[in-house]
Amino acid sequence: MSSVKNYAIKVNHVTKKFKIYYDKASTLKEKLVFWKTNNKNEERTVLEDINIEIKKGETVALIGTNGSGKSTLLKLMTKIIYPTKGKIITVGKLTSLLELGAGFHDDFTGRENIYFNASIFGLTKSEIDAKVDDIIAFSELEEFIDNPVRTYSSGMYMRLAFSVAINVNAEILLIDEILAVGDQHFQDKCFKKLEELKNSDKTIVIVSHSLNSVRQLCNRAIWIKDGHVKMDGKADTVIDKYLEECK
Amino acid sequence: MQLIKNLYNYRELLKSNVKKEIRGKYKGSFLGVLWSFVNPLLQVAVYAIVFPYIMRIQTDNYLIYLIIGIIPWTFFTTVINQGMVTVRMNAGIIKKVYFPREILPISVAFSGLINFLISCIIIVLFCIFGGVGISWHIILLPIIALLQFILTLGIVFALSAINIYIKDTEYIITFLINMLFYATPILYEASLFPEKIRFILYLNPMTQIIDAYRNIFLYHQLPSLAGIIYLALIALVLFFLGLLVFRKLEKGFAEEV
């Protein structure tokens, strides 16, 4: 079984349907009274029979229009939601950056939040101890790190969150549209860090609309359209085709 | 097995979550964490006044009898009440980050256990100064507390997951707990009931638990072995049943919550 697994993420015939509730019956009474009519719940198929294999060390972009299902695919990979049909296998420690600052506590200080956030990603205290200085240095928030994060500006908040996520040393990094973090200076820094990670052995999957960054960063792009893989290949080729259709 | 692996890998998260549960509940109040000890004592004070004088209950050492009933009961109900809503309360993180979801109910149960063990100091103080004294039987406390922990955790596993899908659970359970309070010999003695129907009282695992605590603290004797075995069986069955329910339902948390 444990033959050479050279893939990091394998998406195998995955279909995801969401139930559309027009008026969600969530109390017992409503469930009992309307249990027949409730079965008529509309379902929307967001992804249908997706097959993707992402190799270790690849940097892949998921592109597509709004509502095409790329964020859903990313959520499926992180195991926040589960496929209706099919299977997703990931190999190695995984970190996701779906929304920056998920799990931050406003009353905790920046430092406490680093510990809390990193522990959500599954790090132990000693591991965080070893990294906390790097994280603070990367975020450039030394002056404010012992203030509660509710006093932070939104840019500072994002910087801290990004610094934690990018420094937890996961083998797979899933990022949803957050290349636009902070000011120009910090954006460049993040970009550099991502390139550094790309050149090390990390697997990165990015959902993004900033196609120029994608072109620079990724060697492969997957174009998702209406829940199907429309095109999969070299980033430049796929993006060109995508732009052509968007016109 | 998966459970143990997850807990080990995410032990730091568990630790900080337990801390948050203990600190967070009474945050902003003047007495803070002290409330978790003051609250049951105030409750005891009410019953200690009402029952002997109005209901004419004549139990020896009634005050201590009450305390040994109320404090474990508080452990049980706080964990159930907080645990039931813990998944819903943490909707924000559940939707955005992956982590083993069982950490949430487990942290609630752990914080309850820690609170309870600290509260046991109050029981011991009352035993010493109330003239009952203490005996070696007290070393059995961790075993009974552990059984209660497993039992409660099992219930919380199931309830926290079901509550996401059926919001009425909260209200139904609040009522049931209220009823269970009177179906457990906390305020009265089991011997109040005729022997023929007394066994019904003892089917309630909480009766067994509180009985065991009273044996080791108040009566200085070993809890009944049959009772403990029965309790352990119920606790384990509920634990695995609860975990099963939780595992079945956790995959939909992010969508339903």
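No hydrogens, no waters, no symmetry mates; every other heavy atom, side chains included, goes into these values. Naming: A, B, ... by sequence-line order, numbering from 1 per chain.
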Gap separating the [atom1] atom of [X] from the [atom2] atom of [Y], nearest 0.5 angstrom:
{"X": "K15(B)", "Y": "Y115(A)", "atom1": "NZ", "atom2": "OH", "result": "10.5 Å"}
{"X": "Y98(B)", "Y": "T90(A)", "atom1": "OH", "atom2": "OG1", "result": "9.0 Å"}
{"X": "I120(A)", "Y": "S16(B)", "atom1": "CD1", "atom2": "OG", "result": "7.5 Å"}
{"X": "R101(B)", "Y": "I80(A)", "atom1": "CZ", "atom2": "CD1", "result": "6.5 Å"}
{"X": "I93(B)", "Y": "N117(A)", "atom1": "CD1", "atom2": "CG", "result": "9.5 Å"}
{"X": "F121(A)", "Y": "L13(B)", "atom1": "CZ", "atom2": "CG", "result": "11.0 Å"}

Next item on the list: State which residues pass side-chain contact (heavy atoms from CB on, under 4.5 Å) with Y188(B); sequence neighbours excluded, sorted by chain then number.
Entry: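 Counting only residues at least two positions away or on another chain, Y188(B) forms a side-chain contact (heavy atoms from CB on, under 4.5 Å) with I57(B), P185(B), L192(B), F193(B), L201(B).
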
Notebook entry, point to check: Under a 4.5 Å heavy-atom cut-off, does chain B meet the side chain of T124(A), its backbone, both or neither?
Noted result: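 T124(A) touches chain B through backbone and side-chain heavy atoms alike.
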
Notebook entry, point to check: Taking only heavy atoms into account, what residues of residues 138-159 of chain B are found under 4.5 Å from chain A?
Noted result: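 The stretch does not come within 4.5 Å of chain A.
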
Next item on the list: Output, in order, the C-alpha distance, side-chain angles, deciding distance and verdict of salt bridge (charged side-chain N to carboxylate O under 4.0 Å, His left out) for K16(A) and E255(B).
Entry: CA-CA 12 Å; K16(A) 179 71 191 171; E255(B) 286 166 60; 2.7 Å; yes

Checklist line | Other residues, nucleotides, ligands: >12 heavy atoms within 6.0 Å of K17(A) NZ | finding: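 Check fails, neighbour count at 12 or below.
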
Note to self: Please check if the number of heavy atoms outside F110(B) that lie under 6.0 Å from its CZ is greater than 12.
What the structure shows: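 No, because the 6.0 Å sphere around CZ of F110(B) holds 12 heavy atoms or fewer from other groups.
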
Margin query: How close do K20(B) and F116(A) get, counting heavy atoms only, and between which atoms?
Written below: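 That closest heavy-atom pairing would be NZ-CZ, 4.2 Å.
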
Notebook entry, point to check: Heavy-atom distance under 4.5 Å to chain A: side chain of I103(B), backbone, both or neither?
Noted result: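 For I103(B), neither part sits under 4.5 Å from chain A.
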
Notebook entry, point to check: What part of K95(B) lies closer than 4.5 angstrom to a heavy atom of chain A: side chain, backbone, both or neither?
Noted result: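 Backbone only.
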
Note to self: Just so I know, are the side chains of L123(A) and E12(B) near enough to count as touching, which here means a heavy-atom distance under 4.5 Å?
What the structure shows: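 SC-SC contact between L123(A) and E12(B) ruled out.
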
